[in-house]
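To start, the structure itself, in structure tokens.
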2 protein chains.
Amino acid sequence: MKAVIKVRLKNGILDPQGKTVNNALHHLGFGSINDVRIGKLIELTIKEKKQDVARKKIEEACKKLLTNPIIEDFTYELIED
Amino acid sequence: MKAVIKVRLKNGILDPQGKTVNNALHHLGFGSINDVRIGKLIELTIKEKKQDVARKKIEEACKKLLTNPIIEDFTYELIED
């Protein structure tokens, strides 16, 4: 199975990188673009026969290593081969 | 409108960050996880009335600033308010 994990900063958490990109876009003439937020897109393969086992492992990996649960949220989707 | 942009390293481009995370996952006992690739998830709002104008601007912003077209690919979706 393949997993696509979207990691986003929680609402209310400042995103200095996004702010910087936002400003740079304005300087380049993209004045209609705003509210830039930058997160992570993590893709991986997982060899488990049962989807519920795969889900459990991915959620555990997200909580233990892939995200910082204090400032980040994640969502993911599993794609069967 | 809101745009969600997925930025991925092109196939064949080494991903040392993904490799490091992959190894760390194995050390933590997630042996069934492999092929970790780490990209960016960029979310923004764009104030354009016409979808085709919004699409053009987002593609231009991706090529000029948000991605490195030599090593990265992007896909995006527009979400109407």
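Atom set for the values below is all heavy atoms of this structure, side chains included, hydrogens, waters and symmetry mates excluded. Quick caveat, the model's predicted, so the values are computed rather than measured. Labels below follow one simple rule: chain letters A, B, ... track the order of the sequence lines, proteins then strands, and each chain is numbered from 1.
More than 12 non-hydrogen atoms from other residues, nucleotides or ligands lie less than 6.0 angstrom from CD1 of Ile79(A). Counting non-hydrogen atoms of other residues, nucleotides and ligands closer than 6.0 Å to NZ of Lys56(A) gives a total of 12 or fewer. In Asp52(A), the CG atom is crowded: over 12 heavy atoms of neighbouring residues, nucleotides or ligands sit closer than 6.0 Å.
The hydrophobic cluster containing Leu78(B) also contains Phe74(B), counting ILVMFWY residues as joined when their side-chain heavy atoms lie under 4.5 angstrom apart, directly or transitively. When the side chains of ILVMFWY residues are joined at heavy-atom separations under 4.5 Å, either directly or via intervening members, Met1(B) and Ile58(B) end up in a single hydrophobic cluster. By the criterion of side-chain heavy atoms lying less than 4.5 angstrom apart, applied directly or through intervening Ile, Leu, Val, Met, Phe, Trp or Tyr residues, Val7(B) is grouped together with Tyr76(B) in one hydrophobic cluster. Hydrophobic clustering (ILVMFWY, side-chain heavy atoms < 4.5 Å, transitive): Ile46(A) and Leu28(B) are in one cluster.
Considering every non-hydrogen atom in both Phe30(B) and Lys57(A), the closest pair reads CE2-O, 3.5 Å.
Looking at Val21(A) and Leu65(B), their side chains come closer than 4.5 Å, going by heavy atoms from C-beta outward.
Neither the backbone nor the side chain of Ile5(B) comes within less than 4.5 Å of any heavy atom in chain A. At a 4.5 Å heavy-atom cutoff, the contact between Ile42(B) and chain A is made by backbone and side-chain atoms alike.
Between the NZ atom of Lys2(A) and the CZ atom of Arg37(B) there is a distance of 10.5 Å, given to the nearest 0.5 Å. The distance from the OG atom of Ser32(B) to the CD atom of Glu48(A) is 3.5 Å, given to the nearest 0.5 Å.
Among the candidates Val36(A), Thr45(A), Leu66(A), the residue making the largest number of heavy-atom pairs closer than 4.5 Å to chain B is Thr45(A).
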Using side chain to side chain contact (heavy atoms under 4.5 Å, CB included), reason through Arg8(B) and Leu41(A) one step at a time and then give a plain yes or no. CA-CA 8 Å; Arg8(B) 296 175 169 96; Leu41(A) 181 75; 4.0 Å; yes
Test side chain to side chain contact (heavy atoms under 4.5 Å, CB included) applied to Leu44(B) and Ile33(A), step by step: CA-CA 7 Å; Leu44(B) 50 83; Ile33(A) 294 180; 3.8 Å; yes
